[in-house]
Amino acid sequence: MLRVRFAPSPTGFLHIGSARTFIFNWLYARRNGGTMILRIDDTDVGRNTEASLQSIYEGLHWLELGWDEEYRQSERLGLHKQVAAAIFEKGIAYRDFTPADTGEGDRDRGEGAWLFHAEMRNLSREESDRRAEAGEPFALRFRVPRGQERIVQFTDAVYGEQAKSTADIEDFALLRSDGLPTYHLASCADDADLRISHVVRGQDHLSNTFKHVLIFDAAGFPPPQFAHLPLLVAPDGTKLSKRRHGPVVSVTTYRDAGFLPHAFVNFLCLLGWSPKDDRERMDRQELMDAFSFEGINRSNAVVNFKEDDPFDPKALWLNAEHIRALAIEDLADRLLPFAEAAGLRARREKMIRVTPLIRERIKLLRDVATVADFFFVDELPPYDQAELAPDKGDAALAERVLQHACKVLSEIPFEHDSLEGTLRAAAKEMGIKTGQMFQPVRVAVCGRKNAPPLFATLEVLGRETCLKRIGEAIRKLADS
RNA sequence: GGCGCUAUCGUCUAACGGUUAGGACGGAGCCCUCUCAAGGCUCAAAUACGGGUUCGAUUCCCGUUAGCGCUACCA
């Protein structure tokens, strides 16, 4: 039975790197009919926050992926301690009464790395029991095989054969002096207990995996299959972090800007994984069908954001691609809340008519506020009247164009083809180019030069609004 | 410092040891066109460096350099 898990620790908002780890786990599970497990790794009580837990759920729900089972590590402390005790009883762990390292310390920089406190590792069981009973605090450490060197090895589904000498592995802690399990112990105990078959996680854990193999071995559990993922890094090559890179690393930032969850998932998948057939835009089913560990590469991927633009241009492009692939009504419904948030009074019926006009002009859902605002306001925001002047023309021409437009537009059916025919004829009649005819009308009606196609826009806006706005433009021109 | 991992256009990436080193984003240009987009076409842009192995290395091996990760009683 294939079982995978995503195990975030609630010490910050849902990070896009974590989201990608979740996605790859999910894809692997769904692809192979396995079970997806969400395990909240909250053993670090000091750093856990409720807000962060909410952020994780919020982000995960937005992705619309879901999971089959859910656990809370803090509720499984008994299991962890039991596994620790079992290892201790086998003599593969020992109590270390050395006070916790406070930080700076002169901790042995220079020659090699610290491996263990000899006095503690060699403490007799009697002495150890006596001190423990007397209430002296201690950490429980794994007794990494010394004496003759041993090679710890495993095969990573992405990075291949991995080997490391026990001479390079320190006696890491299993339990802290407050009795709580460390990440290594809790993670392995839970993975074994939950019968996780594949551990798919960030490459930052690749070197920890040797310790994990040791733990599984000591506890008598068969180790799962491991698959490590290359990391997501900032343009400067450093690991993405909340402190250094701010909101760009938070999943909710993407949601709030108007990314489609499917587009976001698509983008994240392309970072460190490839279907190897040049496909870029892929829907959920395609991703599921194409996913495999062979497609994952081994070098870190840069999320290409900038100071002034938090989003990777490729993410933006992919989002635009997904937006264009959406059915009109679906897109309109997704646009509505963004229009509302921007203070636009948008009704669904109207939005459905506007959507076809803007869907090729927006990259983010929130762009509806800047691209389609004029469809939903009573009063056009102020604009520079110089914009009304057509190419190779002046304010006087603009005024004549608008007067004429006003006249012809009040007499015809307000529908695309008749609007086009009428305005083209008007241009001819006035002896000017069509562009010179259209632009003043466009600016008068939209309040700007760059807008969706004119005739469809006029049709959606309706005769009353158009004539009113053209009238206002004429007045502006006359006033100056 | 020790150990581990990695190295193809600016970025994401493709290439059973044999390709004019491919695609995409972004950039430039052209076309289309009522503006802006979208779309089509074109261009610039990469195998980190040095040694091997081989008839032939982006590809395999070694070294150098660089980056990243781990080296906590964080995860």
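Note that this is a predicted model, so its numbers are computed, not measured. Numbered from 1 within each chain, the chains take letters A, B, ... in sequence-line order.
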In numerical order, the residues of residues 369-376 of chain A whose heavy atoms come under 4.0 Å of RNA chain B are none
From the set B:rC73, B:rG26, B:rC74, return the single nucleotide nearest to any side-chain atom of A:Arg47.
B:rC74
My understanding is that only residues two or more places apart in sequence, or in another chain, count here; which of them pass salt bridge (Lys or Arg N to Asp or Glu O under 4.0 Å) with A:Arg448?
A:Asp373
For nucleotides 44-49 of chain B, 5' to 3', base contacts (B), sugar-phosphate-only contacts (S) and non-contacts (-) with protein non-hydrogen atoms under 4.0 Å give ------
For A:His212, all residues meeting ring-ring contact (aromatic ring centres under 6.0 Å, His included), sequence neighbours excluded
A:Tyr183, A:His184
Residues that A:Phe375 engages under ring-ring contact (aromatic ring centres under 6.0 Å, His included), provided they are two or more places apart
none
Which pairs count as salt bridge (charged side-chain N to carboxylate O under 4.0 Å, His left out) when at least one residue sits in residues 415-437 of chain A, sequence neighbours excluded?
A:Glu420-A:Arg424
Contact residues, residues 48-56 of chain A to RNA chain B [heavy atom, < 4.0 Å]
none
So what's B:rU53 paired with, Watson-Crick or G-U wobble, going by both distances under 3.5 Å?
none
According to salt bridge (charged side-chain N to carboxylate O under 4.0 Å, His left out), does anything in residues 198-212 of chain A pair up with another residue at least two apart or in another chain? List the pairs.
A:Glu170-A:Lys211, A:Asp204-A:Lys239
Could you pull out all residues at least two apart from A:Tyr71 that satisfy ring-ring contact (aromatic ring centres under 6.0 Å, His included)?
none
Return the nucleotide paired to B:rC5: Watson-Crick means purine N1 to pyrimidine N3 with N6-O4 or O6-N4, wobble means G-U with N1-O2 and O6-N3, both under 3.5 Å.
B:rG67
Going by number, which of residues 7-19 of chain A have a non-hydrogen atom under 4.0 Å from RNA chain B?
A:Ser9
For nucleotides 4-12 of chain B, just jot down a letter per nucleotide in 5' to 3' order: B, S or -, based on protein non-hydrogen atoms under 4.0 Å.
SSSS---SB
Tell me which pairs pass salt bridge (charged side-chain N to carboxylate O under 4.0 Å, His left out) where either residue lies in residues 6-16 of chain A, with sequence neighbours left out.
none
Select one nucleotide: of B:rA24, B:rU71, B:rA38, the one nearest the side-chain heavy atoms of A:Lys363.
B:rA38
